[in-house]
Amino acid sequence: MPDYSHLPSPCYVLEEAKLIRNLELIDSVQQRAGITILLALKGFAMFSAFPTVNKYLKGIAASSLFEAKLGREEFGGELHLYAPVYRSPDFSAMLIGATHVSFNSLSQWAQFKEQTLKAGVSPGLRINPEYSPVATDIYNPASPLSRLGIRAELLGDRLPEGIEGLHCHNLCESNSQALELTLAQIEKLFGHHLPRLKWLNLGGGHLMTASDYDCEHLIRVLTDFKARYPNLDIYLEPSSAIAWQTGFLLATVLDLIPTPDSTIAMLDISFTAHLPDCLEMPYKPKVRGARDPKKGEAKYRMGGTTCLAGDFMGMGDYYFAEPLQIGDAILFEDMIHYTMVKTSMFNGVNHPAIGIIHSDGSFELVREFGYEDFKNRLS
Ligand SMILES: Cc1ncc(COP(=O)(O)O)c(C=O)c1O
């Protein structure tokens, strides 16, 4: 393992070379399939990396006023808006610089139609395809009673006057077969609208940078679909795929607590505050240099730093070839997407620093946090 003793702990560390590798693959998919791939800021909004990302992608998807502003200030290019519900006081500010906006309901479209058309932003509707391969309810946007997207029966035979596109998001870390099924379902339920539209946004959840993703199949599926609907500009707006496996969260062992079952490594990070998906999904992240313990082996449970009883890695323990010592570094892999954007300062724990290992191997400390960041969110 490289020596990371010069890095501050805790720290989210983006490995730039891995990000560039993902972006090159994503760019080749968009070129070959003749589509446009946007960065959805909800999962990856580390704007110090945007100068690298926007060499390959020509726009972003924003789900709030703040994401839209960040996109305008730090990314530029096409700005696609979608939020489950827009607040009237925010909406006109969101439209500034926007190119596309999707509405979650017919009533929101009716409320904001005039403003949208006056601003010259291309309007669309989010649809619920009533199909999703996602088994975890909290990440399944297309369940029958979902609040996300309009069901076909509510749309009827004709789209409202002025609508130019449809938006569908029903995938999460999914493969190209799931997209193929999604497109079949869209054609079945909404196919009669497609020939009259200008664009179709197929949301996120396309994990094309995962090692087992079949990009050739994805390109074929998209190319075939485009051949049937040459009138449509096709957009994908992933987050995870862009930042997939592009860095780690560096933590340090502060204490070791023996229990009759395992030794608990008390860390300077918190699962609930800094790796929330590990508890939400839940899942067990990889730790560099560790593996699952075999029966009878010494095992370590990773413990977080807050007072929450459940602030530990409950999905399983780890085995290390060398016994852990206080002061050892622990690297949680793949901690760049859906981490920094979701963190909190619960218990007053400091936010991990943010840094980049550049392609030439040099480390740049981009940002450190402190007491003022904690205080500024409270009153
Ligand atoms: C509307 C929408 N677009 C894009 C995304 C990004 O999805 P992913 O990070 O899985 O690619 C999400 C994730 O929830 C979403 O809700």
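Atoms CG and CG, on Leu39 and Asn54 in that order, are 9.5 Å from each other to the nearest 0.5 Å. In this structure, OH in Tyr4 is found 6.5 Å from CG in Leu331, a value given to the nearest 0.5 Å. Separating the CG atom in Leu148 from the CG atom in Asn128 is a distance of 8.0 Å, to the nearest 0.5 Å. Residue Leu365 holds its CG atom at 8.0 Å from CG of Leu7, rounded to the nearest 0.5 Å. Remark: Met94 CE to Gln115 CD distance equals 11.5 Å, nearest 0.5 Å. To the nearest 0.5 Å, atom OG of residue Ser92 and atom NZ of residue Lys118 are 10.5 Å apart.
Asp27 and Gln30 form a side-chain donor-acceptor contact under 3.5 Å, judged by distance and modelled atom types alone. Defined by atom type and a distance below 3.5 Å, a donor-acceptor pair is missing between the side-chain atoms of Asn376 and Tyr371. A donor-acceptor contact closer than 3.5 angstrom links the side chains of Tyr139 and Glu280. Ser5 and Asp3 form a side-chain donor-acceptor contact under 3.5 Å, judged by distance and modelled atom types alone.
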Residues Asp292, Lys299; criterion salt bridge (charged side-chain N to carboxylate O under 4.0 Å, His left out); working and verdict: CA-CA 8 Å; Asp292 289 349; Lys299 53 186 183 176; over 6 Å; no

Working for side-chain contact (heavy atoms from CB on, under 4.5 Å), residues Thr252 and Asp328: CA-CA 6 Å; Thr252 299; Asp328 279 354; over 6 Å; no

Candidate pair Glu173 and Tyr213, rule side chain to side chain donor-acceptor pair (under 3.5 Å), full reasoning: CA-CA 10 Å; Glu173 299 188 4; Tyr213 192 100; over 6 Å; no

Residues Met313, Tyr318; criterion side-chain contact (heavy atoms from CB on, under 4.5 Å); working and verdict: CA-CA 10 Å; Met313 179 25 63; Tyr318 297 85; 3.8 Å; yes

Steps toward side-chain contact (heavy atoms from CB on, under 4.5 Å) verdict (Cys278, Met302): CA-CA 12 Å; Cys278 292; Met302 297 295 141; over 6 Å; no

Working for salt bridge (charged side-chain N to carboxylate O under 4.0 Å, His left out), residues Glu15 and Arg288: CA-CA 14 Å; Glu15 297 171 271; Arg288 203 173 290 185; 3.5 Å; yes

Residue pair Tyr56, Ile37: steps toward the side-chain contact (heavy atoms from CB on, under 4.5 Å) verdict: CA-CA 9 Å; Tyr56 300 87; Ile37 300 183; over 6 Å; no

Criterion salt bridge (charged side-chain N to carboxylate O under 4.0 Å, His left out) on Glu24 and Lys55, from CA distance to verdict: CA-CA 10 Å; Glu24 283 173 350; Lys55 283 190 197 133; over 6 Å; no

Full working for ring-ring contact (aromatic ring centres under 6.0 Å, His included) between Phe44 and Tyr338: CA-CA 6 Å; Phe44 180 61; Tyr338 292 101; 9.9 Å; no

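Taking the six-membered ring for Trp and the full ring otherwise, Tyr319 and Tyr300 have centroids separated by 6.0 Å or more. Between Phe248 and Phe332, the ring centre distance reaches or exceeds 6.0 Å.
With a 6.0 Å radius and a threshold of 12 heavy atoms from other residues, nucleotides or ligands, Arg228 has its CZ atom above the threshold. Counted within 6.0 Å of NZ on Lys286, heavy atoms from surrounding residues, nucleotides or ligands total 12 or fewer; the atom is thus considered open. The environment of Phe363 atom CZ is dense: over 12 non-hydrogen atoms of other residues, nucleotides or ligands sit within 6.0 angstrom. Other residues, nucleotides and ligands place no more than 12 heavy atoms under 6.0 Å from the CZ atom of Phe66. Other residues, nucleotides and ligands contribute at most 12 non-hydrogen atoms within 6.0 Å of the NZ atom of Lys69.
When all heavy atoms of Asn170 and Pro133 are compared, the closest pair comes out as O-CD, 3.7 Å. The two residues Ser132 and Asn140 have their closest heavy-atom pair at CB-OD1, 3.2 Å. The minimum heavy-atom distance linking Leu38 with Ala61 is given by the pair CB-N, 4.3 Å. The two residues Pro285 and Met335 have their closest heavy-atom pair at CB-CE, 3.5 Å. Shown here for Leu250 and Ser9, the closest heavy-atom pair between the two residues is O-OG, 3.8 Å. Across all non-hydrogen atoms, the minimal contact from Leu65 to Ala93 is CD1-CB, 3.7 Å.
With a 6.0 Å cutoff to the six-membered ring centre and a 45° limit on the axis angle, Arg126 does not count as a cation-pi contact of Phe103.
When side chains are defined from C-beta on, Phe346 counts as touching Thr272, because their heavy atoms get closer than 4.5 Å. No side-chain heavy atom of Phe112 sits less than 4.5 Å from a side-chain heavy atom of Leu95. Two residues are said to be in side-chain contact when any heavy atoms from C-beta on lie closer than 4.5 Å; Leu189 and Ile127 fail this criterion. Using a 4.5 Å cut-off on side-chain heavy atoms (C-beta onward), Ile20 and Thr52 make contact. Within the 4.5 Å cutoff, the side chain of His206 has heavy atoms near those of the Leu171 side chain. Within the 4.5 Å cutoff, the side chain of Phe271 has no heavy atoms near those of the Pro276 side chain. Val253 places a side-chain heavy atom less than 4.5 Å from the side chain of Leu256. Between Met208 and Leu25 there is a side-chain heavy-atom pair separated by less than 4.5 Å.
Using bins of under 30°, 30° to 60° and over 60° for the plane-to-plane angle, the ring pair Phe50/Phe75 lands in the perpendicular bin. Aromatic ring pairs are classed by plane angle as parallel below 30°, tilted from 30° to 60° and perpendicular above 60°; the pair Tyr82 and His167 is parallel. Aromatic ring orientation, Tyr12 versus His351: tilted (interplanar angle from 30° to 60°).
With salt bridges taken as basic N to acidic carboxylate O contacts below 4.0 Å, none links Lys42 and Glu237. Between Lys198 and Asp233 there is no salt bridge, since none of the side-chain N atoms of the basic residue sits less than 4.0 Å from a carboxylate O of the acidic one. The pair Glu297-Arg291 meets the salt-bridge criterion, since a charged nitrogen lies less than 4.0 angstrom from a carboxylate oxygen.
Residues Leu41 and Val341 are members of separate hydrophobic clusters, defined by side-chain heavy-atom contacts under 4.5 angstrom among Ile, Leu, Val, Met, Phe, Trp and Tyr. Val221 and Leu181 end up in different hydrophobic clusters when Ile, Leu, Val, Met, Phe, Trp and Tyr side chains are linked at under 4.5 Å. Side-chain heavy atoms closer than 4.5 Å link hydrophobic residues (I, L, V, M, F, W, Y) into clusters, and following such links, even through other members, never connects Leu117 to Trp199. Cluster annotation: Tyr131 and Leu218 are assigned to distinct hydrophobic clusters (Ile/Leu/Val/Met/Phe/Trp/Tyr, side-chain heavy-atom contacts under 4.5 Å, transitive). Both Ile336 and Leu249 belong to a common hydrophobic cluster when Ile, Leu, Val, Met, Phe, Trp and Tyr are linked at side-chain heavy-atom distances under 4.5 angstrom.
The backbone N or O of Asp212 lies less than 3.5 Å from no partner atom in the side chain of Asn175, so there is not a single donor-acceptor pair.
Under the side chain to side chain donor-acceptor pair (under 3.5 Å) test applied with Ser270, the options Thr343, Asp311, Thr305, Asn347 reduce to a single match, Asp311.
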